[in-house]
Every structure is written in structure tokens, then in C-alpha cells.
Visitor: 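Would you mind keeping the following structure in view while I ask a few things?
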Amino acid sequence: MSSLLLEKLVESVVRADREEAERLAREALAAGVAPRDILMLGLSPAMTRLGRLWEEGEVFLPEVLASAEVFEAVSRSVDSTGRGGRAPVGRCVLGTVRGDLHDLGKNIVGIMLRTAGFEVVDLGKDVPCEAFVGAVRQWRADVLGMSALLTTTMREQRNVIELLKKEGLREGVLVMVGGAPVTAKWAEEIGADAYAANAHEAVEKAERMLGVV
Ligand code: B1M
């Protein structure tokens, strides 16, 4: 029943049918499907499918954008995160690197981190190196998370790490990188502390790095 709902949700996001997508997400929540499953199984696969259709020339940029808007609307509607007054388990500064406007995956990572009890300072997309470093200093971040979806923007992750070093802040913050073209090898090469392939892993790695049970 719930897997059927999630499959229908994927299809409605691919079709950019916002009304239907929001209705299905509400139905899934009412049926007891966890918000994280809606995000990971009902929304993420839609964009993966669209990416394939885009590569095959079956859909074009405006269609991808329309689906992205539906994706965002639905993810906002299922984001029921809140700490109910409890102290956060850690503070994470998060953003998509300079030159990169892809933020759907980063937003899911943010929602899942908040759900797991992290305080998340989301800097948005197209974030300059200086803004990441300034936010790490200002917020005394435990974790800095950087997302990059383009092979041309990945290198910004390295630039931010270099700037952290220059500013004497590298030792005080754990750096995690992710995004479709990013790999564990790349993370190692640029001196990041962790790489996560998806939002589940991002939470696991952040918790592990901070020693959160
Ligand atoms: Co663009 N795009 N896009 N795009 N887009 C890709 C990435 C691309 C692979 C499509 C393709 O050609 N097959 C390709 C990149 C090629 C490359 O670099 N090798 C591409 C391109 C070329 C472009 C443009 C240049 C197109 C153009 O204008 N000609 C342009 C660039 C704009 C820019 O950034 N400057 C562009 C624009 C766009 C849209 C604006 C239309 C839209 C983005 C809307 C938005 O984000 N608000 C868009 C989209 C939607 C995509 C695809 C189809 C889907 C990306 C997505 O949202 N996936 C994408 C194709 C693909 O990836 N298959 C594509 C769903 C999301 C949930 O997954 O972001 O991977 P993802 O996040 C995952 C994990 O990666 C991980 O967890 C997330 C959740 O599990 N993760 C992290 C992500 N960040 C993390 C951080 C972490 C840890 C884990 O720690 C901090």
C-alpha cells in the first residue's frame, strides 16, 4: 500500500503535478509513512528518473525545473522537524558551493540532519568560499557540509577547505562533502573528513564524527 503510494508520488513529481504530489504525500503521512521515506523513496527517485530522461532528450530544462518546484513544495510540506526544546546534538553549517544552483539534495540532507537533532544553518546555494568560512566562524560549527552537483563546481569544496586552513579554522570543524559527482576518493584527495552518498549516510557520518549514539 505505502510502496504503491510512493511510486505514484514519484510519477506525479516527474509529471510536475503539484496538487497530486501534495495529496499523495499527505495520504502517505496519514498512512504512517515516515517523512524520511517520503523524501528518499517518493521524491529523490523522481529526480533521478528525470535526470535519465533529460540525458535521453525526452524532457527539457523547463520540465526539470517544474518538477524541481514540486519536489521543493512537497519536501517543505513533509518537513516536520523540530527539537521540542531539546538541546541540539551538534551544529552544522550547510550549503551548495559557488556556481552551483542545485539544492534539492542539499535540502534533503538538511531536513534529515534536523530530524536527527542537529541545528542546521543553511546558507543556500551558490555560496562563496568566504561565506562558508565566515559562517563556520560565526556559528562555531561542529560540521561543515558542502554539496556540489557539477563536475565544474566540485573543486570549490577544495577551495573552501584551503580557506579554512588559511584562516586557522580547519582543526575546529569536521568537513563533510557530497553531491552526485562527489566520491570518497575525491573527499580524501581534498582533505575532507567525510563523504556521504546520500542523506541517510550524511546523518550517520555526522553522528559518528561527533560521537553521537
Ligand atoms: Co542540473 N545537472 N543543471 N539542474 N540536474 C545535473 C546535475 C546533470 C548530471 C544532468 C545531466 O546532464 N545528466 C548535469 C551535470 C553534469 C556534470 O556536471 N557532469 C547538470 C547540468 C549540466 C545542469 C546545467 C549546466 C544545465 C544547463 O543550464 N545547461 C544547469 C547548471 C546550473 C548551475 O548550477 N549553475 C543545471 C540546472 C538544473 C536545474 C536548475 C534545472 C535543476 C536544479 C533545481 C534545484 O536543485 N533547485 C537541475 C536538476 C534537477 C538536475 C538533475 C536532473 C537532478 C538533481 C537532483 O536534484 N537530484 C541532475 C541529474 C542527476 O543528478 N541525475 C542534474 C535529486 C537529489 C535528491 O539528489 O542532488 O544527488 P542529489 O542529492 C543526494 C546525494 O547526492 C546526496 O544526498 C542527496 C539526497 O540523498 N548529497 C549529499 C547531496 N549533497 C550532499 C551533501 C552532503 C552529503 C550528501 O554532505 C554535505
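In this chain, numbering begins with 1 at the start of the sequence shown. Each ligand, and each atom within it, is numbered from 1 in the order the structure gives.
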Visitor: In the complex you have, is atom 8 (C) of ligand 1 within reach of the protein, judged by whether a heavy-atom distance drops under 4.0 Å?
Guide: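 It does not; no protein heavy atom is within 4.0 Å.
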
Visitor: Just checking R36: does its CZ atom have more than 12 heavy atoms from other residues, nucleotides or ligands closer to it than 6.0 angstrom?
Guide: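 It does not: R36 CZ has 12 such atoms or fewer within range.
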
Visitor: Search all heavy atoms of A148 against all heavy atoms of V182 and return the closest pair with its distance.
Guide: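 Answer, listing the atom of A148 first, then V182: O-CG2, 4.0 Å.
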
Visitor: I want to verify a count. Protein N, O or S atoms less than 2.8 Å away from atom 1 (Co) of ligand 1, how many are there?
Guide: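 My tally for this metal is 1.
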
Visitor: Can you confirm whether L163 sits close enough to F132 that some side-chain heavy atom of one is under 4.5 Å from a side-chain heavy atom of the other?
Guide: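 Side-chain contact under 4.5 Å: no.
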
Visitor: How close does the nearest protein non-hydrogen atom get to atom 65 (C) of ligand 1, and which residue and atom is it?
Guide: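 Going by distance alone, atom 65 (C) of ligand 1 is nearest to M47 CB, 3.3 Å.
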
Visitor: When you measure from atom 80 (O) of ligand 1 to each heavy atom in G105, A199, A202, which option holds the nearest one?
Guide: A199

Visitor: Checking salt bridge (charged side-chain N to carboxylate O under 4.0 Å, His left out) against D122, which of R114, R91, K106 comes through?
Guide: K106

Visitor: Mark up the atoms of ligand 1 that fall under 4.0 Å of a heavy atom belonging to N198, in ascending order.
Guide: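 Those qualifying, in numeric order: 76 (C), 77 (O), 80 (O).
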
Visitor: Is there a side-chain hydrogen bond (donor to acceptor under 3.5 Å, both in side chains) between N198 and H200 once you walk through the steps?
Guide: CA-CA 6 Å; N198 56 51; H200 280 307; 5.6 Å; no

Visitor: Between E7 and R49, is there a salt bridge with N-O shorter than 4.0 Å?
Guide: yes

Visitor: Looking only at non-hydrogen atoms, which of T96, L94, L104, T48 approaches atom 57 (O) of ligand 1 most closely?
Guide: L104

Visitor: Can you sort out the partners of D193 under side-chain contact (heavy atoms from CB on, under 4.5 Å), two or more places apart, ordered by chain and number?
Guide: R170, L174, V175, M209

Visitor: For atom 86 (C) of ligand 1, find the nearest protein heavy atom and state the residue, atom name and distance (0.1 Å precision).
Guide: G178 CA, 3.6 Å

Visitor: Specify the protein heavy atom at minimum distance from atom 89 (C) of ligand 1: its residue, its atom name, and the distance to 0.1 Å.
Guide: A196 O, 3.3 Å

Visitor: Number the atoms of ligand 1 from 1 as they appear, then name those within less than 4.0 Å of a heavy atom of D100, with their elements.
Guide: 34 (O)

Visitor: Any heavy-atom pair between the side chains of R137 and E167 that's under 4.5 Å?
Guide: yes

Visitor: How far is atom 47 (N) of ligand 1 from the closest protein heavy atom, and which atom is that?
Guide: D103 OD1, 2.8 Å

Visitor: Counting only heavy atoms closer than 4.0 Å, does ligand 1 sit against the backbone of E55, its side chain, both, or neither?
Guide: side chain

Visitor: What part of M40 sits under 4.0 Å from ligand 1 if we count only heavy atoms: the side chain, the backbone, both or neither?
Guide: side chain

Visitor: Without swapping roles, check the side chain of D126 against the backbone of R98 for a donor-acceptor pair under 3.5 Å.
Guide: no

Visitor: Considering G179, G110, S147 one by one, which has a heavy atom nearer to atom 81 (N) of ligand 1 than any of the others?
Guide: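 The residue whose heavy atom sits nearest atom 81 (N) of ligand 1 is G179.
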
Visitor: Is it true that a side-chain atom of D100 and a backbone atom of T96 form a donor plus acceptor pair closer than 3.5 Å?
Guide: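 Not a single qualifying donor-acceptor pair exists.
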
Visitor: Is it true that a side-chain atom of E63 and a backbone atom of F60 form a donor plus acceptor pair closer than 3.5 Å?
Guide: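 Between the backbone of F60 and the side chain of E63 there is a qualifying donor-acceptor contact (under 3.5 Å).
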
Visitor: Out of D126, I108, V93, L61, who is nearest to atom 41 (C) of ligand 1 when you count heavy atoms only?
Guide: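 Heavy atom nearest to atom 41 (C) of ligand 1 belongs to L61.
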
Visitor: Does L39 offer a backbone N or O that forms a donor-acceptor pair with the side chain of S44 under 3.5 Å?
Guide: yes

Visitor: Hey, is atom 59 (C) of ligand 1 under 4.0 Å from any protein heavy atom?
Guide: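 It does not: no protein heavy atom is found less than 4.0 Å away from atom 59 (C) of ligand 1.
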
Visitor: One thing to verify: whether E20 and R23 come together as a salt bridge, which I'm taking to mean a side-chain N less than 4.0 angstrom from a carboxylate O.
Guide: yes

Visitor: Protein non-hydrogen atoms only, distance under 4.0 Å: does atom 29 (N) of ligand 1 have such a neighbour?
Guide: no

Visitor: Under 4.0 Å, heavy atoms only, figure out whether ligand 1 is touched by the backbone of A197, its side chain, both or neither.
Guide: backbone

